[in-house]
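Only a predicted model underlies this, so the values are computations on that prediction, with no experimental measurement involved. Chain naming here is simple, since letters A, B, ... match the order of the sequence lines and numbering starts at 1 in each.
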Amino acid sequence: MERLDDWRRSCMCGEVSGDLMDKEVTLMGWVQRRRDHGGLIFVDLRDREGIVQLVFNPEEQAEVHKRAHAIRNEYVVAVKGVVSKRPEGTENPALKTGGVEVRVRELKILSEAAVPPFIIEDDTDAGEDIRLRHRYLDLRRPVLQKNLVLRHRVCLSARNYLSQNGFIEMETPVLTKSTPEGARDFLVPSRLNPGHFYALPQSPQLFKQILMVSGFDRYFQITRCFRDEDLRADRQPEFTQIDVEMSFVDREDVIACMEGLIARMFKDALGVELEVPFERLTHDEAVGRYGLDAPDTRFGLELVDVTDIVRGAGFKVFAAVAEKGGVVKAVNAKGCAGFTRKELDELTELAALYGGKGLAWVKIVDGGWQSPIAKFFTDDEKRAIEAAVRAEKGDLVFFSADRREVANPVLGRIRNELGRRLNLIPKEGFSFVWVTDFPMFEYDEAEKRYYAVHHPFTSPMDEDIGKLDSAPLEVRAKAYDIVLNGEEIGGGSIRIHDQGVQTKIFELLGMGSGEAREKFGFLLDALSFGTPPHGGIAFGLDRILAIMTGSESIRDVIAFPKTQKAVCMMSGAPSEVDRKQLDELCLRVAGKG
RNA sequence: GGAGCCGUAGUUAAGUUGGUUAUAACGCCGGCCUGUCACGCCGGAGGGCGCGGGUUCGAGUCCCGUCGGCUCCGCCA
């Protein structure tokens with residue numbers, strides 16, 4: 001181990017270029033690899049900016065060359081040397097610095113390194129668990145460095161845009177009040193108030209609305225949110241939102257301003273020019289044509305409603321569904337009549353996974369329909385269905401018949417799978433769509449009550465307010481989601497700022513005024529003191545970055561992510577704590593059943 | 001709460017119908033090598049198969065349980 005002393009870096013490894021030809025440079029970094037030819041020793045030196053080749057030549061610096069034998073992978077070294085053109089024919093076009101090399105005159109080994117458990121390179125073959133345990137090494141890989149640098153650039157871009165557009169970045173409490181609606185809260189015990197708990201915020205929703213009441217006019221925050229729910233590739237218990245709220249606006253103002261934000265982030269971070277305004281779909285259209293409220297608009301294969309055609313048909317399953325108010329939806333898998341039994345079974349299984357009771361199919365072949373259900377339809381009905389889905393010979397048509405809330409998503413998932421299998425999804429490109437006009441409420445059969453689809457402060461559409469009493473399920477909300485490549489990356493709404501409407505909404509949600517006060521009293525108090533019309537949105541930063549970087553999981557854009565059991569494999573969190581800590585908090589662990 | 005896939009040297013994997021000292025590659029250690037960049041060549045060390053039971057003369061291979069990783073359903077206003 002040697003000291004830095006008065007050595008200072010003259011440039012980054014990845015920045016060494018022909019501009020520095022014959023100049024002496026001082027470089028510092030990690031040893032990517034050493035190639036010892038007995039005479040010459042080559043060392044690839046790596047830092048954030050890239051890799052440069054060092055050459056140790058026994059004929060030039062015998063002493064330094066001798067010491068270079070001790071160098072191993074991941075050692076941290078400093079060198080002084082001369083930038084030289086590589087000999088003819090030994091250039092390495094794979095490296096940004098591949099035209100030059102540094103002939104080392106002096107060497108300092110600043111830090112030795114234990115043998116790493118896996119090789120630090122983009123296509124390392126180590127499993128994710130071992131990489132997460134040694135995340136500090138994993139994060140040395142250029143691909144993760146690139147992702148996290150991009151994350152920085154996106155955040156910086158968002159801050160610049162929002163600041164330039166009159167938004168003020170403000171912080172809101174992390175120790176806050178538990179609100180029973182929504183996701184499960186993470187709780188934090190209060191030592192000074194035994195038996196009382198803070199909750200970590202699921203989002204700064206209430207606080208940002210209060211900031212509008214306070215007159216800050218436009219607020220934003222790039223902030224951590226916490227939800228104690230099960231994890232997925234696109235869900236971590238702590239995740240980051242770009243949270244925005246604006247005063248004196250309606251939906252179109254928010255959407256236009258946020259399109260500017262998204263466009264700016266993609267321009268600044270990726271150099272991609274997006275076309276604005278983005279495509280729009282109402283919730284009804286999205287679900288009707290794509291089956292899902294997060295439609296993947298990168299390919300066709302749209303769903304078609306054939307309920308009316310099959311209503312009177314001889315196929316009892318379809319007819320019964322139509323009779324009971326359900327829907328029969330169809331999707332034409334163009335040119336897929338050659339699907340095997342196995343492929344059809346796999347898709348049927350997929351339908352079952354999402355609650356579909358079955359997945360009917362029809363192959364359009366020479367001589368008509370090849371299908372288990374062909375015999376139930378007349379030629380007229382067959383022709384009508386074929387016309388509805390524009391089926392031609394060689395096509396394969398799938399049907400899903402069920403309640404609207406089942407048939408659509410089931411076939412929507414089938415559609416997505418078909419898009420994947422048929423390679424209809426472009427590898428590059430960003431397909432944005434706003435989904436608007438969400439319903440205000442959904443009805444929970446089990447609990448016999450309404451739930452807010454968005455949240456209880458979302459404003460109904462003005463023209464639907466009259467239906468709050470008569471037909472609550474038909475009331476649409478001033479809520480909007482933004483979907484990118486079939487994934488929800490953000491959502492927001494215009495908030496209620498009319499006390500009467502707010503009271504009515506609480507009633508519909510089965511909350512008396514007492515209960516509403518108990519849960520949201522501080523917000524309701526605030527809203528009573530002069531509230532500007534306001535609304536906002538929150539973007540899932542991690543998801544946006546995952547799509548930008550082509551990552552399979554948001555773990556690849558988060559420096560220290562957690563596993564599916566919500567464990568940090570590096571730090572070991574969560575862990576047991578001392579009895580003393582529990583005592584101070586007046587807590588006791590009950591043990592699990 | 002549930003389903004599926006996976007746990008074998010440091011890493012990634014192979015391991016036939018259960019059968020002597022468990023394979024390979026990369027990595028590691030040592031030696032040789034002056035133009036490599038997945039450097040090359042020679043030699044060597046390293047695990048008892050996630051963990052715990054069971055069946056069997058005999059288990060990495062079969063059974064049960066358990067722990068962990070990943071994907072998904074439920075859940076995520």
Legend entry - NZ/NE/NH1/NH2 to OD/OE distance under 4.0 Å, A:D437 and A:R251: yes
Legend entry - Residues, nucleotides or ligands: over 12 heavy atoms within 6.0 Å of A:E405 CD: yes
Inset, instruction - Figure out the CZ/P separation between A:R232 and B:rA3, and round it to whole Å. - result: 15 Å
Inset, instruction - With the side chain of A:R227 defined as its heavy atoms from C-beta on, choose the nearest nucleotide among B:rG27, B:rC37, B:rA77. - result: B:rA77
Inset, instruction - Can you figure out which of B:rC37, B:rU11, B:rC72 approaches the side chain of A:T90 most closely? - result: B:rC37
Legend entry - Interatomic distance where CG belongs to A:D481 and P belongs to B:rC76 [whole Å]: 15 Å
Inset, instruction - Just call it for A:Y451: base, sugar-phosphate, or nothing, with non-hydrogen atoms closer than 4.0 Å on any strand. - result: nothing
Legend entry - Atom-to-atom span, CD1 of A:I119 to C1' of B:rG10 - whole angstrom: 11 Å
Inset, instruction - State plainly whether the residues A:R103 and A:E60 are in salt-bridge range, i.e. N to O under 4.0 Å. - result: yes
Legend entry - Heavy atoms of other groups near A:E106 CD, more than 12 under 6.0 Å: yes
Inset, instruction - Decide yes or no, distance alone: a donor-acceptor N/O pair under 3.5 angstrom between the base of B:rC76 and the side-chain of A:R235. - result: yes
Inset, instruction - State whether the aromatic ring of A:F118 stacks on the base of B:rU11, taking stacking to mean ring centres under 5.5 Å apart and ring planes under 30° to each other. - result: no
Legend entry - OP1 or OP2 of B:rG35 under 4.0 Å from side-chain N/O of A:R103: no
Inset, instruction - Calculate the interatomic distance between A:R34 atom CZ and B:rC28 atom P; express it in whole Å. - result: 9 Å
Legend entry - A:R184 vs B:rA77: side-chain N/O to OP1/OP2 distance below 4.0 Å: no
Inset, instruction - Would you indicate what A:E128 reaches in the nucleic acid, counting non-hydrogen atoms under 4.0 angstrom: base, sugar-phosphate, or nothing? - result: sugar-phosphate
Inset, instruction - Compare every heavy atom of A:A479 with every heavy atom of A:S493, then report the nearest pair and how far apart it is. - result: CB-CA, 3.9 Å
Inset, instruction - Look at all strands and tell whether A:G98 reaches a base, only sugar-phosphate, or nothing, counting heavy atoms closer than 4.0 Å. - result: nothing
Inset, instruction - Give a yes/no answer on whether the side chain of A:K565 brings an N or O atom under 4.0 Å of OP1 or OP2 in B:rG69. - result: no
Inset, instruction - Name the nucleic acid region contacted by A:E91, choosing base, sugar-phosphate or nothing; use a 4.0 angstrom heavy-atom cut-off, strictly under. - result: base
Legend entry - A:L231 CG to B:rC70 P, straight-line distance once rounded to whole Å: 8 Å
Legend entry - Any A:T563 side-chain nitrogen or oxygen under 4.0 Å from OP1 or OP2 of B:rG69: yes
Inset, instruction - Rounded to the nearest angstrom, tell me the gap between atom CD1 in A:I41 and atom P in B:rC33. - result: 12 Å
Legend entry - Between C1' of B:rC76 and CD of A:Q205, the distance in whole Å: 16 Å
Inset, instruction - Identify whether any heavy atom of A:R555 sits under 4.0 Å from a base atom; if not, whether one sits that close to sugar-phosphate; answer base, sugar-phosphate or nothing. - result: sugar-phosphate
Legend entry - Under-4.0 Å salt bridge between A:R135 and A:E128: no
Inset, instruction - Answer with yes or no whether A:N73 presents, from its side chain, a donor or acceptor under 3.5 Å of a partner atom in the base of B:rG27. - result: no
Legend entry - N/O (side chain, A:R413) to phosphate O (OP1/OP2, B:rC73) under 4.0 Å: yes
Inset, instruction - Answer with base, sugar-phosphate or nothing: what part of the nucleic acid does A:E101 contact at a heavy-atom distance below 4.0 Å? - result: base
Inset, instruction - Answer yes or no: side-chain N or O of A:R86 and base N or O of B:rU36 forming a donor-acceptor pair under 3.5 Å. - result: yes
Legend entry - Distance-only donor-acceptor test, A:R33 side-chain atoms vs B:rC39 base atoms, 3.5 Å: no
Legend entry - Carboxylate-amine/guanidinium proximity below 4.0 Å for A:E417 and A:R413: no
Inset, instruction - Would you check if A:H37 stacks with the base of B:rC39, given a 5.5 Å centroid limit and a 30° plane limit, both strict? - result: yes
Legend entry - Nucleotide of B:rC73, B:rC39, B:rG35 approaching A:R35 most closely (side-chain heavy atoms): B:rC39
Inset, instruction - Using a heavy-atom cut-off of under 4.0 Å over every strand shown, decide if A:P117 touches base, sugar-phosphate, or nothing. - result: sugar-phosphate
Legend entry - Whole-Å gap separating C1' (B:rU12) and CD (A:E121): 12 Å
